[in-house]
Amino acid sequence: MLIKKPFNIPDSGITEESLFLSRRQLIQSVTGLVIAGTSTGLLAAPTPAATTGRTLPNVRPSRLSTDVPPNRYEDVSTYNNFYEFGTSKEEPALYAGQMRTQPWTVQIEGEVKKTGKYALDDLLKSLVLEERIYRFRCVEAWSMVVPWVGVSLQELIKRLEPTSRAKYVEFTTLYDPAQMPGQQRAVLDWPYVEGLRIDEATHPLSILAVGMYGKVLPNQNGAPLRLIAPWKYGFKNIKSIVKIRFTETQPTTTWMRAGPNEYGFFANVNPEVDHPRWSQAKERRLGEIFKQKTLPFNGYADQVAGLYSGMDLRKYF
Ligand SMILES: Nc1nc2c(c(=O)[nH]1)N[C@H]1C(S)=C(S)[C@@H](COP(=O)(O)O)O[C@H]1N2
Ligand SMILES: [Mo]
């Protein structure tokens with residue numbers, strides 16, 4: 001049985017500007033005073049998230065980056081979907097700070113030679129860190145452009161030596177309701193699971209990201225390791241991965257379980273196939289007012305359409 005508990009508000013690590021403002025407004029309404037500055041430290045502005053991430057060394061630029069200008073770090077790190085920390089866009093930035101991302105291990109399982117439990121640094125050792133500036137399109141019809149920093153998933157998979165029976169790759173997020181208060185409620189079937197067909201996982205565009213904007217990923221964006229497959233809807237891009245399993249059969253993903261008519265396994269961005277409850281024809285870029293047309297495969301059709309030749313993309317949505 002699930003016990004519903006309000007989320008714990010950490011004493012430190014609150015970086016959300018709106019929370020700062022609401023606190024300030026609260027104090028203002030209690031005291032009836034506008035406090036312009038303070039020496040008590042009580043109202044000290046929180047450290048902006050932009051300075052908290054460690055800068056990642058030796059990051060190489062990539063030819064696969066888009067030349068569309070990236071969104072602001074502040075927007076990308078405060079408007080998140082990470083249901084393990086709550087279902088609103090604001091909660092992940094408020095609560096994910098309490099998740100411990102070090103040490104972090106990743107279990108490699110299934111149809112692969114190099115099975116085992118790896119420390120994250122060992123798993124990624126000597127893989128090249130690249131900056132990939134990618135378009136990102138959430139199924140909820142907002143979008144953004146993000147300079148991720150990550151490793152080629154293809155390169156990692158090569159090293160792990162999948163067997164000939166490895167047809168799919170399944171990814172699993174950490175399950176730890178003490179650290180992830182959203183998991184104390186049955187909003188999804190925890191832990192969060194996603195998957196790719198092996199040819200999608202080994203496509204040159206697929207990466208495992210460890211950073212963004214040149215720095216270590218903020219927890220709310222999926223630290224310390226998250227998937228980025230930029231031609232797919234945001235929900236495929238699973239965060240805080242602890243397990244990678246190679247399988248012969250198609251994994252059942254969390255969102256397929258939650259709504260099989262709404263969230264398919266493939267989840268390729270497709271402006272011609274609407275979500276049952278809303279249109280997918282347009283998107284609103286974070287920070288912009290006017291909507292723009294959504295592109296097939298999120299603008300990556302030239303690179304990835306061939307993966308789906310002969311498939312009915314209305315059926316395999
Ligand atoms: N574990 C986990 N991964 C997740 C989610 C989640 O709730 N839990 N949300 C997904 C959705 S719906 C989106 S749009 C992206 C959001 O990534 P961002 O917060 O970095 O923008 O993360 C995806 N990965
Ligand atoms: Mo999403």
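Atoms within each ligand, like the ligands themselves, are counted from 1 in listed order.
Annotation: cation-pi pair Lys239/Phe85 absent, no NZ/CZ under 6.0 Å from the ring centroid and within 45° of its normal. Geometrically, Lys236 does not engage Phe266 in a cation-pi contact defined by less than 6.0 Å to the ring centre and at most 45° from the axis.
The nearest heavy-atom contact from the protein to atom 21 (O) of ligand 1 is Met144 CE, 3.0 Å. Considering only non-hydrogen protein atoms, atom 24 (N) of ligand 1 sits nearest to Asn237 O, 3.0 Å.
No heavy atom of Tyr233 sits closer than 4.0 Å to any atom of ligand 1. Ligand 1 has Arg226 within reach: a non-hydrogen atom of the residue lies less than 4.0 Å from it.
Between atom 23 (C) of ligand 1 and the options Gly234, Gly222, Ala267, the minimum heavy-atom separation is to Gly234. Across Tyr192, Phe235, Tyr263, Tyr83, heavy-atom proximity to atom 5 (C) of ligand 1 is greatest for Tyr192. Counting heavy atoms only, Asn81 comes closest to atom 16 (C) of ligand 1 of the residues Val76, Asn71, Asn81.
In this structure, the side chain of Gln184 engages the main chain of Pro177 through a donor-acceptor pair within 3.5 Å. His203 contributes a side-chain N or O that, together with a main-chain N or O of Gln303, makes up a donor-acceptor pair within less than 3.5 Å.
Distances between N or O atoms of Glu84 and those of ligand 1 include at least one value under 3.5 Å. Between Asn221 and ligand 1, a contact under 3.5 Å exists for at least one N or O pair.
Residues Thr202 and Leu196 fail the side-chain proximity criterion, which asks for heavy atoms closer than 4.5 Å.
Ring-plane geometry between Trp148 and Phe136 is classed as tilted, the angle between the planes lying from 30 to 60 degrees on a 0 to 90 degree scale.
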